[in-house]
Amino acid sequence: MTTPAIELKGISKAFGPVQANKNINIRVMPGTIHGIIGENGAGKSTLMSILYGFYKADSGEIFINGKKTEIPDSQHAIAAGIGMVFQHFKLVENFTVLENVVLGAEDGAMLRPSLAKARSQLKQLAEEYELNVNPDAVIEEIGVGTQQRVEILKALYRQADILILDEPTGVLTPAEADQLFRILGRLKEEGKTIILITHKLREIMEITDTVSVMRRGEMTATVNTAETSPPHLAELMVGRKVLLQVDKVPAKPGEMVLEVKNLSVTDSGGVQRVKGVSFNIRAGEILGIAGVAGNGQSELLEVLGGYEFGTGEVKINGHSIDLTGRHSNGQTRRDRGIAHVPEDRQREGLIMDFMAWENIAFGYHHDPKYQKNRVFMDNVSIRADTADKMERFDVRPPNPMLQAKSFSGGNQQKIVVAREIERNPDLLLVGQPTRGVDIGAIEFIHKQIVALRDQGKAILLISVELDEIMSLSDRIAVMFDGKIMGERLPDKTNVKELGLLMAGVAGEAV
Amino acid sequence: DLGGKFDKSFNEAAFNGAQRWAGETGGTFAEVELQSDAQREQALRRFAEAGNNPIVMAGFSFGTALEEVAADYPDTKFAIIDMVVGQPNVRSVVFNEHEGSYLVGMLAAMASTSGTVGFIGGMDIPLIRKFGCGYAQGVLAVNPDATVIANMTGTTPTAWNDPVKGSELTLAQISQGADVVYAAAGGTGVGVLQTAADNGILSIGVDSNQNYMHPGKVLTSMLKRVDNAVYEAFMAGADLETGFNVMGVGNGGVGYALDEYNASLISAEMQAAVDAAAADITSGALAVHDYTSDESCPALTF
Amino acid sequence: MEKMPKWADIFLIPVVSLVLAAIFSAIVILAIGEDPWAAVKLMVKGALGSTYAWGYTLYYATNFVFTGLAVAVAFHARMFNIGGEGQAMLGGLGVALVCLYIPWPHWSLALIGASVGAALFGAAWAAIPAFLQAKRGSHIVITTIMFNFIANALLVYLLVNVLKPVGMMEPATAKFPKLVQLPSFRDMFSTADTIMFRGAPANITFFVAVAACVVVWLLIWRTRLGYELRAFGHSESAAKYAGIKPTKIIMVSMLISGALAGMMAINNVMGEAERLVLNAVEGAGFIGIAVALMGRSHPFGVFLAALLFGFLYQGGAELALWTSIPREMIVVIQALVILFTGALDNMVRMPLERIFFSLWRKPAAKPAAAE
Amino acid sequence: MDLLTLLQVLDSSVRMATPLLLACLAGLFSERAGIFDIGLEGKMLVAAFLAAAMASVTGSAWIGLLAGIGASLTLAIVHGLASITFRGNQLISGVAINFFAAGITVVIAQSWFGQGGRTPQLGDGARFQSITLPFAESLSVVPLLGPIYKELISGHSILVYIAMLIVPLTWWGLYRTRFGLRLRAVGENPAAVDTAGISVVRLRYSAVLICGVLCGIAGAQLATAEPAAGFIKDMTAGRGYIALAALIFAKWRPWYALMACLLFGFLQALELRPDLITNVIGIKVQGQLLSALPYIMTVVILAGFVGKAIPPRAGGEPYVKER
Ligand SMILES: Nc1ncnc2c1ncn2[C@@H]1O[C@H](COP(=O)(O)OP(=O)(O)OP(=O)(O)O)[C@@H](O)[C@H]1O
Ligand SMILES: Nc1ncnc2c1ncn2[C@@H]1O[C@H](COP(=O)(O)OP(=O)(O)OP(=O)(O)O)[C@@H](O)[C@H]1O
Ligand SMILES: [Mg+2]
Ligand SMILES: [Mg+2]
């Protein structure tokens, strides 16, 4: 039996009270592609960061090619032949590709010889592995797919034999993902060992040789890919049989609630993010917007939510709303009956240092019901209201005096959803409602969204999870590069067709 | 006053007077150096409470605080220099600085070869303009065609203690042709004298005798015998005579310094001319205009 | 529980930080050849030993309450206002103008007028840096520092060229009329046979300062404006989501901050000097930073910290009078307090957190073992 | 205004600009590495004090310089501890350092020399004297260039020339060496540096230390280079902050820093010559306005009327790997 390229024994790691990895054991054979799957927060990234020396394990041992190796920092990992492409790229945005590749792997104190050497090496690598990038391009000016290639080049330039990729396809279109997999195939042929973290069972089945499953910080199983199936893996991942289907009756669309015409958004850097989109939503229906992250969905949500300026025309219940001026802010949007579950609950939806009750009033602190008089807030009634909402949305623990940051992700999200849905809005904007949320909470939140629809409210749903879009939406629009590529009905389309639209391959005209 | 005890000038003179008294009588004195205007009253009260008598203040800035405090401590005697405070238990000592400045102005004009001399004042207040005005009159009395360049260091008390700026001002005056500069600027003058010496021109010190600081490079010093005033106040002790007290050329309150450090710079005829003028001032034959009398100067515009 | 208990955060950490600052201060005093213990005794006696001493301590504390509150209010909106010094100078100008040029019939009316004047001038001096921060992103720290220098130049100009009575040497305004004199503690607390607070400058403004603490507390924790301010301070992105306008919060928080700093002038200019001198603020604007940090930006904490600094300041003044330890020693102590309570907070916090962590882990582990 | 007067003002501008420039470059290293430093002022001040004190005690300007650098380095290390090791607030640390410097210099100066917070006046040898460059006299007859060479270029202290030399050196170090690449990277994205196997902590400390050394030279120049001859209380007078403004003006680039500092130096030199301004523009300008001018300019520049300045992206934030 050959020695494993990597062997981890008894790795544990806690972040304060959170036990991210518990006694993990794993072996990866050389020249193979090894997949790791698991829910959000299962501890996959943490484990790999430990292997790469980015974090330090609390306990456990690492063996590289059979040799016990200490990896106190990334330098040691690089020396041991490990390269890693992080979920969030670690590139210096205003450096060129060449500078990023050279950084940390310079040959001497002077820069020029290093850069010259790297330039010729990059050319060689590009030919070898079909990894073409312009070495003089500045990172912030190239696409994410290219940035990822730079990350891979960085690892290869450091002569990595073991390559770790953390959710590499999350930011890629299906076509880009396919290209990545071709590259990975080439690397494997060259004898490199690859660890691939992903949520997507399809990818696991398609490219890996073996696969490990993590759940709540523990390694629950390692199997040969050939001997398993997606349902089996899903069960291993979640710990029970999964039936991710939302029960819902067909929509009964009513009055027009939201009309968007020719809406554009330009960000502070002057880049046009949303390019003249138009769509409508009626009462009692859910419009889902699918797309790879970064194609303008976030900005679309922000401009409708009132904290990004835009141009064009937006009408709610027939009234035009101001998109640029003084009256364009979250407050006026709420007055118009728009509620908004933002994409990032920790950065936008909640003040992490505020207590739950202060967060329940957040955004609605002008509500007369929360005021004693024109100046003072009625904290007592807000607390009572909060206790009530926490009870009904099953927020655990149901204590209004706890700070938001001491709730788990799922419960934080429930606080946000409770606050917004309980407003009984005419239009609900929802961004990534279940990101980082466990299955139980997902079901609960999905039910609440559908129930709101059934009360005859309009809902705009944005999610990068195609499954979520497919199961919740009454209509699906796909965004690519700031434009809506097309609209489909969920029962008349499939993942493949949507994937093509997401990659910018236009279907028939809308 | 602000500017530090060892400014080699005004404050140091006051301190020396007190030291001389202590040395001769074996008495002890409490002293405090203030860093801030707002603290004057507090310090005065604390000294009065602690039973010090008399209390001597060097500097006009104590005036307002003293008005208040003197009334509250009628049994304590106070002496203030450079300021008139109309309280029964206060002795006010003022000097005729314009007269002394006139004398050194004459010396400057006689020593200058370029016909351009400089004046660097500390804080821009009437008192310092009085120095400058007297100086300019003395210069013009000797050489009516001479140019007097006058600069003030600043308008706040920090101007008393900014030798760096003093240096820069001196350089600026040198570039305008000045070859004698008179510093009436407390601690700032240290920088003036230094830079003058560095650049080979003559300077004139103020208040204390500063001739020794750069032997052969300080033309003379305008003496203002603050030390005598302090010494006398301490000698008198609780019997200090209160009221108004003027020190001028006549009674040795102001004058110019001549010692081994500047003997080579002052020729016999220079000395004769100046002494004659001093005699005229004492006799009243020569009246030097006092800037503070009408806030104007016939010889210099500020 | 996964964090330290609240009392540890509020009391233990500042106390440990203070002890560290005190140790370093003692080292400095030792290094210049003085006896720290004697210095402490002298300070305690000079600052707390008599009603006279208390009168000074409370007078200084009053100044620091205002500037501390000023910094604290801005802190809640995550604005770092280092301009308290300049704002207090301008507040002094406001007080002087109000007292000199308006014929007040009674000191109580004058007090109200002067408060308004001080607050308006202080706020005005904070307005430009605030506006530049809100609209142009110019860093408020540097702009407020620059405004301190500019305030100084402006005040010099006005005192030297405009406000100085003819014939006076030093740059200062004329004395305010007798009618606007505020009642001092001596006037308020002395009885027929015992004179209290003789010669001490503490005055009725102290109670204005206490009232300001209460008002600021209500503002921050009870009003909608305070809610918005804190929300903005904790998370700008979330505040934007909630429709809280950053420009408004930056402006309002800085204006309130500037107004509070300016109001210090009713204590030192109107209550004590009864005229405006150049260096009336005497660094109180900067001490406000230390006071706010020590007081954890809570009005009650600010009040306590202001008392502490009042003590240090008066004690330090006594040191300067009777020993050769210069007044600047207070600045050193103040710097050490800011360093340890502000910048090196984690140095104290991390070990303490670890101690608490192991303390609560043990009891938690026991029941598990018993199973 | 004649050429000689102009040269004299420019000459004094260069002298005034030197401490600004050194402090500005110090800030450049620190901020490029992601550490904001408003403590430049304090570092300069302690350096000025200790340089003057040691020069006066030993009689050697060079020993003074070393002592000044040492003092400045000590505070730099404190700032490093606070902002790198203990991940504290960099602004607060800077403020504390400035106060500490303002107080401690006077406390020690007073107890050491007893001259009201001043050091004794430095004699020759104890300070950096002006250097007359070769041929300054003989070339001065050449029209225009001669006087420029003699008055403007020649006749400064060695520290002025060192400061001018540090500008190209900084440029070269920043853009042409491995260290510079890493330094720029760590100010933009420390995680990228960390995952590339380089120690963020070590890099940032070296930047902070370089900053300390440069502030040390700046302080020494203020107090011990001709025409200055000693330390006085608060002698930095806001130069540290003005240097920061110059740094923003220069958008964190060395050559532009030189330009910005010369501009500010010129403003400070003008303050000394109100007579010139009166002559040139024909009206008397208030002294206070002149003295406030550098500060007002700073605000104007910060207000961004000179275009948008984007600071290093990771600036001011402690690098926290584990949340
Ligand atoms: N730096 C950190 N500080 C504190 N907690 C952390 C940190 N990084 C991760 N965690 C926590 O550790 C757990 C595991 O996180 P990790 O990022 O490894 O999950 P993951 O499996 O990669 O999830 P995802 O699929 O969302 O990427 C989570 O509960 C997370 O909140
Ligand atoms: N960054 C953090 N800081 C402090 N405490 C945290 C942090 N992240 C998580 N916790 C704490 O750890 C507990 C577990 O968090 P985690 O996000 O792993 O929960 P979870 O089991 O995934 O729950 P959910 O399914 O609701 O997301 C939470 O209750 C929370 O109190
Ligand atoms: Mg992950
Ligand atoms: Mg979770």
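Keep in mind that this is a model prediction, so the values were computed, not measured. Values reported hereafter were calculated over all heavy atoms of this structure, with side chains retained and with hydrogens, waters and symmetry mates removed.
The shortest heavy-atom contact between Y175(D) and L111(A) is O-CD2, 3.8 Å. Here the shortest heavy-atom pairing between A191(D) and K90(A) reads CB-CD, 3.7 Å. Contact record, N94(A) with R313(D): CB-NH2, 3.4 Å, taken as the closest heavy-atom pair. Closest approach of V92(A) and A192(D) over heavy atoms only: CG2-CB, 3.9 Å. Nearest heavy-atom pair, A196(D) versus L103(A), reported as atom, atom and distance to 0.1 Å: CB-O, 3.5 Å.
Distance check, rounded to the nearest 0.5 Å: OG1 of T195(D) to CZ of F89(A) gives 12.5 Å. Within the model, atoms CG of L181(D) and CD of E99(A) stand 5.5 Å from one another, a figure rounded to the nearest 0.5 Å. Atom CH2 of residue W172(D) and atom CE of residue M110(A) lie 3.5 Å apart, to the nearest 0.5 angstrom.
Around CZ of F86(D), the count of heavy atoms belonging to other residues, nucleotides or ligands within 6.0 Å exceeds 12. When the shell of 6.0 Å around NZ of K68(A) is examined, it contains more than 12 heavy atoms from other residues, nucleotides or ligands.
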| said: With side-chain contact (heavy atoms from CB on, under 4.5 Å) as the criterion, how do Q75(A) and I198(D) come out once you've worked through the C-alpha distance, each side chain's angles and the decisive distance to 0.1 Å? | reply: CA-CA 7 Å; Q75(A) 201 173 1; I198(D) 312 162; over 6 Å; no
| field | Evaluation steps, side-chain contact (heavy atoms from CB on, under 4.5 Å), between E188(D) and E93(A) | value | CA-CA 8 Å; E188(D) 293 287 337; E93(A) 293 265 301; 5.7 Å; no
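Counting heavy-atom pairs under 4.5 Å between each of R158(A), H76(A), E140(A) and chain D puts E140(A) at the top.
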